[in-house]
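To start, the structure under review is shown below, and the notes come after it.
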Amino acid sequence: MGQVTRVSDFEIVYNYKPFYADDISLLNRSKKGLNAKAALDFLSLSGFTQDEFQETFKTTVKTIQNHVTRELTLDAALSEKLLKSFALFDKGSEIFGSAKSFHQWLNTPAYGLGNQLPFDLMDTITGIQLIEEELIRIEFGDLA
């Protein structure tokens with residue numbers, strides 16, 4: 001299996017941030033499709049295990065690696081979910097101080113999400129949006 005290179009949080013966020021800086025940019029970039037390497041970059045940034053990645057994105061790491069080898073782009077739906085996930089990790093890392101700390105929070109029941117694990121919501125765009133809203137509440141101290 002191919003090795004995932006560790007990259008600092010800053011480098012990954014810097015590379016993808018313009019793609020999700022606003023909804024129109026995100027939409028346009030999603031429709032064009034991201035380079036498959038973006039999925040491996042997210043895997044590295046997020047600290048997700050391969051199983052967590054596969055559960056969230058409904059594809060296998062092996063499939064992504066094959067796409068990278070064949071220099072293929074990802075479809076619009078997967079590209080959108082990845083970009084929204086990059087944005088989520090950018091926000092979560094800012095609030096919790098690191099991607100690692102944010103990943104730990106994702107696996108802790110969240111009161112504002114009905115005591116569900118935020119990670120369990122990441123498999124849909126609506127779930128990602130609910131996590132974003134919870135992060136904003138946390139950022140502004142509204143924990144009730």
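Basis for what follows: all heavy atoms, side chains included, without hydrogens, waters or symmetry-related copies.
Scored by the side chain to side chain donor-acceptor pair (under 3.5 Å) test, Thr63 finds Thr60 as partners (sequence neighbours excluded). With sequence neighbours excluded, the residues satisfying side chain to side chain donor-acceptor pair (under 3.5 Å) with Glu139 are Lys91. The side-chain contact (heavy atoms from CB on, under 4.5 Å) search around Thr73 returns none, not counting sequence neighbours. Ala110 meets the side-chain contact (heavy atoms from CB on, under 4.5 Å) test with Trp105, Leu113, Pro118, Glu134; sequence neighbours excluded. The ring pair (Phe, Tyr, Trp, His ring centres under 6.0 Å) search around His103 returns Phe48, not counting sequence neighbours. With sequence neighbours excluded, the residues satisfying side-chain contact (heavy atoms from CB on, under 4.5 Å) with Thr124 are Thr126.
For residues 60-83, no residue pair satisfies the salt bridge (Lys or Arg N to Asp or Glu O under 4.0 Å) rule, not counting sequence neighbours. Applying the salt bridge (Lys or Arg N to Asp or Glu O under 4.0 Å) test to pairs two or more places apart or on separate chains, none has a residue in residues 43-55. Each ring-ring contact (aromatic ring centres under 6.0 Å, His included) pair with one or both residues in residues 58-82, not counting sequence neighbours, would appear here, but there are none. Among residues at least two apart or in separate chains, salt bridge (Lys or Arg N to Asp or Glu O under 4.0 Å) pairs with a member in residues 120-133 are Lys58-Asp123, Lys84-Glu132. Annotation: salt bridge (Lys or Arg N to Asp or Glu O under 4.0 Å) contacts involving residues 18-30, sequence neighbours excluded, are absent.
Summarising the geometry of Leu43 relative to Val61, their closest heavy-atom pair is CD2-CG2, 4.2 Å, with the distance given to 0.1 Å.
In the hydrophobic clustering, Ile136 connects to Phe140, either directly or through intervening members, whenever side-chain heavy atoms lie under 4.5 Å apart.
Side-chain contact between Thr59 and Phe53 is present, with heavy atoms from C-beta onward closer than 4.5 Å.
The structure places OH of Tyr111 at 10.5 Å from CZ of Arg137, a figure rounded to the nearest 0.5 Å. To the nearest 0.5 angstrom, Ile95 atom CD1 is 4.5 Å from Leu135 atom CG. Distance check: Phe86 CZ to Leu26 CG gives 11.5 Å after rounding to the nearest 0.5 Å. Here the CD1-CZ distance, from Ile64 to Phe57, works out to 9.0 Å after rounding to the nearest 0.5 Å.
The side-chain contact (heavy atoms from CB on, under 4.5 Å) with Phe42 is formed by just one residue from the set Thr56, Leu83, Leu82, Leu34; it is Leu82.
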